[in-house]
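Following: one structure in structure tokens, then a few remarks.
Below, all heavy atoms of this structure are taken into account, side chains as well, without hydrogens, waters or symmetry copies. Note that the structure is predicted; figures quoted are calculated from it, not measured.
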Amino acid sequence: MQDISTSSLIDLTVGLASSSNDQERFDSLLNTIRKTIRCDCVALLSLQGDTLVPLAMQGLARDTLGRRFVINEHPRFRRDLRG
């Protein structure tokens, strides 16, 4: 994975500071991530107990926001969240 540039960090900081609500902050964060790592899709997930809940996303089907991901049912999530 490539290093994060100073301009990406500045974009992220300005976007987070100038946003008036959580959804705008999430979108700003996801925009910066997509520009930085050049990916087709990205999602911001919240860990709620043993489940990951999408808070925001880009490049994925809209119905993904309504899904819940039980960690033990998804080997990649289980591996990534192992402490």
Side-chain angles (χ1 to χ4, degrees):
M1 187 196 283
Q2 68 188 40
D3 292 333
I4 298 173
S5 70
T6 302
S7 64
S8 292
L9 290 174
I10 291 170
D11 288 347
L12 177 60
T13 303
V14 169
L16 293 175
S18 64
S19 301
S20 62
N21 62 54
D22 285 343
Q23 196 57 53
E24 287 180 11
R25 280 188 270 286
F26 297 160
D27 287 340
S28 177
L29 174 62
L30 296 181
N31 285 334
T32 302
I33 291 170
R34 283 184 80 180
K35 284 192 292 187
T36 302
I37 63 174
R38 296 183 183 103
C39 59
D40 293 327
C41 60
V42 65
L44 179 60
L45 304 171
S46 172
L47 180 60
Q48 298 178 5
D50 66 346
T51 304
L52 290 170
V53 178
L55 299 177
M57 57 171 206
Q58 293 180 358
L60 296 164
R62 286 302 294 160
D63 68 335
T64 304
L65 277 176
R67 294 188 60 197
R68 301 295 177 259
F69 302 93
V70 177
I71 296 164
N72 286 330
E73 295 174 3
H74 298 274
R76 288 183 184 170
F77 289 147
R78 188 173 54 241
R79 182 198 66 221
D80 292 344
L81 293 170
R82 200 175 312 151

For the residue pair [X] and [Y], what are the closest heavy atoms and their distance?
X   : Y   : answer
N21 : E24 : OD1-N, 2.8 Å
L52 : P54 : O-CD, 4.0 Å
C41 : G59 : CB-O, 3.5 Å
L30 : A43 : CD2-C, 4.2 Å

**Message:** Just to verify, which of I33, V42, D40 counts as forming a side-chain contact (heavy atoms from CB on, under 4.5 Å) with Q58?
**Reply:** V42

Roughly how far, to the nearest 0.5 Å, is [atom2] of [Y] from [atom1] of [X]?
X   : Y   : atom1 : atom2 : result
L44 : F26 : CG    : CZ    : 5.5 Å
K35 : T32 : NZ    : OG1   : 5.5 Å
R76 : I71 : CZ    : CD1   : 16.0 Å
F69 : T64 : CZ    : OG1   : 6.0 Å
N72 : R78 : CG    : CZ    : 5.5 Å

same_hphob_cluster([X], [Y]) at 4.5 Å side-chain heavy-atom cutoff:
X   : Y   : value
L47 : V53 : no
L29 : I37 : yes
L45 : L81 : yes

**Asked** With D80, which residues qualify under salt bridge (Lys or Arg N to Asp or Glu O under 4.0 Å), at least two apart?
**Response** none

**Message:** Could you check whether atom CZ of R68 has more than 12 heavy atoms from other residues, nucleotides or ligands sitting under 6.0 Å from it?
**Reply:** yes

